Amino acid sequence: MACSSLFRALFLLLTLSDSFVQIFSFGMGINYGQIANNLPSPSRVAILLGSLNISRVKLYDADPNVLLAFSNSNVDFIVGLGNEYLQSMTDPIKAQIWIEQHLLPHLTRTKINSILVGNEVFNSNDSHLFSYLLPAMQTVYRVLVNLELDKQVAVTTAHSLTILGNSYPPSAGTFREDLAQYIQPLLKFHSEINSPFLINAYPYFAYKDNPDQVSLEYVLFQPNQGMIDPNTNLHYDNMLYAQIDAVYSAMKAMGHTDIEVRVSETGWPSKGDANEAGATPQNAGLYNGNLLQRIAQRQGTPAKPSTPIDVHVFALFNENLKPGPASERNYGLYYPDGTPVYNIGLQGYLPEFISASDKNALSIFSSLVFLIACFICA
């Protein structure tokens, strides 16, 4: 009788949901960028993400307005410490002040699981910045240890795939020789504190640069012949998995098989300049929609089949003030008014204003969806 009631409740919940995909979207993280002047308030965004049951968010700072808006929610945050802070974060006193001001006030109400110390540091030409990265991470970690927060909040950083000297085939992946002196001790630190190695992986870039040589189907998770790694005989049917495994191989070449690779950014632009091949709503929808299905299936890569891919999609909104080519302003799943840029089954609810009943009702709804999804996947 109880089982029958549960399935009736599940059926009702599925009927009320805009898409069955929402039930599984708890496995997808999202990048919440704010380089724009037309975005909805964080309180409205909290309602939107609650309606989508997205429970993992990466920020590029530690915006107190965002962290406060998500108080008492089911959302886990990665907060960012920008590159401009790296030098000062090598000072234990300054690192403690930052944590006391930006982290401690929120930890009792908002879930924060990681601090991202710097972003794509090795993608710059600043060797001073390179040398600050590891000391800054170590100092932030020691402060967390002293505050007994190191088991609750991890310390990591995110890398562009330009750190790879070779990525093909995946089993032959290596880091750039000029970065070895920085990456080797960085990996040792990750291993010691058991924190993940984050990468910002964009198959779109590979296609844009060589549209005549790179198969569009291969980068969009569409049916295709794929490629066989000649060293391992592993078959790859998409580029993202090949990129992830190339990083695993690069770490193995430096003596580490004990660090998990996670994707802190990936996505596809819905619009670009004339020279940005493939930047269309159709392709963006295919990439993110197919990726979402892979996440829901808890797939691993060919080299790590038992480790489900861990992904934060870039990005939640189009950001109209981002510099650079048109694509940079068109990675969002949503327009700032809450309208989907393209349809991948995530039809969320962005209220025009916030009421207490809205927030309470959607909090309960999100919790129910999460619990039932856990039951289904168990």
Side-chain angles (χ1 to χ4, degrees), residues 31 58 83 116-127 129-131 133-134 137 156-191 195-211 213-215 218-221 226-232 234-268 278 287 291 300-305 307 309-314 327:
N31 283 271
K58 181 162 78 71
N83 294 351
L116 194 73
V117 182
N119 184 55
E120 297 190 349
V121 170
F122 298 126
N123 201 31
S124 72
N125 295 315
D126 189 343
S127 59
L129 208 58
F130 297 176
S131 63
L133 177 59
L134 179 56
M137 293 173 67
T156 186
T157 188
H159 304 280
S160 160
L161 286 185
T162 58
I163 59 172
L164 292 177
N166 183 62
S167 61
Y168 183 86
S171 61
T174 56
F175 293 117
R176 282 166 36 196
E177 290 184 8
D178 62 307
L179 296 178
Q181 62 179 309
Y182 304 105
I183 294 179
Q184 182 78 64
L186 185 63
L187 291 176
K188 182 174 183 291
F189 178 65
H190 278 290
S191 177
S195 73
F197 191 87
L198 304 187
I199 59 172
N200 297 339
Y202 288 89
Y204 165 71
F205 293 153
Y207 178 77
K208 176 181 71 75
D209 293 339
N210 294 285
Q213 298 178 358
V214 176
S215 164
Y218 182 62
V219 293
L220 293 179
F221 304 94
M227 59 84 65
I228 301 290
D229 188 316
N231 301 320
T232 61
L234 293 175
H235 177 256
Y236 289 84
D237 68 354
N238 72 85
M239 183 177 286
L240 180 65
Y241 288 12
Q243 291 175 334
I244 295 171
D245 280 351
V247 176
Y248 274 121
S249 296
M251 291 196 301
K252 185 176 181 180
M254 284 193 166
H256 286 278
T257 58
D258 55 346
I259 303 168
E260 182 182 351
V261 176
R262 297 181 184 174
V263 180
S264 48
E265 287 183 23
T266 192
W268 196 284
Y287 183 84
L291 174 60
T301 66
K304 296 282 185 177
T307 303
I309 56 169
D310 187 294
V311 175
H312 279 74
V313 171
F314 186 85
S327 60

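Nothing here was measured: the structure is a model prediction, and the numbers come from that model.
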Indicate the atoms forming the closest heavy-atom contact of [X] with [Y], along with that distance.
X      : Y      : answer
Tyr204 : Gly278 : CE1-C, 4.3 Å
Pro203 : Tyr287 : CD-OH, 3.4 Å
Met254 : Gln184 : O-NE2, 3.1 Å
Ile163 : His159 : CD1-CB, 3.7 Å
Leu164 : Ala250 : CD2-CB, 3.9 Å
Ala180 : Pro185 : O-CD, 4.1 Å

Listed partners of Asp258 passing side chain to side chain contact (heavy atoms under 4.5 Å, CB included), at least two apart: Ser191, His256
Who are the side chain to side chain contact (heavy atoms under 4.5 Å, CB included) partners of Ala158, not counting sequence neighbours? Leu116, Asn119, Leu198, Asn200, Ser264
Just so I know, are the side chains of Leu186 and Phe122 near enough to count as touching, which here means a heavy-atom distance under 4.5 Å?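 Yes, side chains in contact.
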Sequence neighbours excluded, which residues qualify as ring pair (Phe, Tyr, Trp, His ring centres under 6.0 Å) partners of [X]?
X      : value
Phe314 : Tyr331
Tyr218 : none
His190 : Phe197
Tyr207 : none

Considering residues at least two apart in sequence or located in another chain, which fulfil the salt bridge (Lys or Arg N to Asp or Glu O under 4.0 Å) criterion with [X]?
X      : value
Asp310 : Arg56
Lys188 : Glu192
Asp126 : none

According to the interplanar angle, ranging from 0 to 90°, do the rings of Tyr241 and Phe221 count as parallel (below 30°), tilted (30 to 60°) or perpendicular (above 60°)? perpendicular
For Asp209, look at atom CG and say whether over 12 heavy atoms of other residues, nucleotides or ligands are found less than 6.0 Å away.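 Check passes, neighbour count above 12.
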How long is the span from the [atom1] atom in [X] to the [atom2] atom in [Y], to the nearest 0.5 Å?
X      : Y      : atom1 : atom2 : result
Phe189 : Thr156 : CZ    : OG1   : 9.0 Å
Phe175 : Ile183 : CZ    : CD1   : 5.0 Å
Ile309 : Thr301 : CD1   : OG1   : 9.0 Å
Asn231 : Ser249 : CG    : OG    : 9.0 Å
Glu260 : Lys304 : CD    : NZ    : 9.0 Å
Asp237 : Met227 : CG    : CE    : 11.5 Å

For [X], check side chain to side chain donor-acceptor pair (under 3.5 Å) against everything at least two apart and list the hits.
X      : answer
Asn238 : none
Ser160 : Thr162
Asn166 : none

Gln243/Thr266 under side-chain contact (heavy atoms from CB on, under 4.5 Å): CA gap, chis, key distance, verdict: CA-CA 11 Å; Gln243 291 175 334; Thr266 192; over 6 Å; no
Has Trp268 got a side-chain atom pairing as donor or acceptor with Leu220's backbone, closer than 3.5 angstrom?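 No, Trp268 side chain to Leu220 backbone: no donor-acceptor pair under 3.5 Å.
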Check whether any side-chain N or O of Ser167 sits under 3.5 Å from a backbone N or O of Ala246 as a donor-acceptor pair, and report yes or no. no
Check against side-chain contact (heavy atoms from CB on, under 4.5 Å), Asp245 and Val261: CA-CA 9 Å; Asp245 280 351; Val261 176; over 6 Å; no
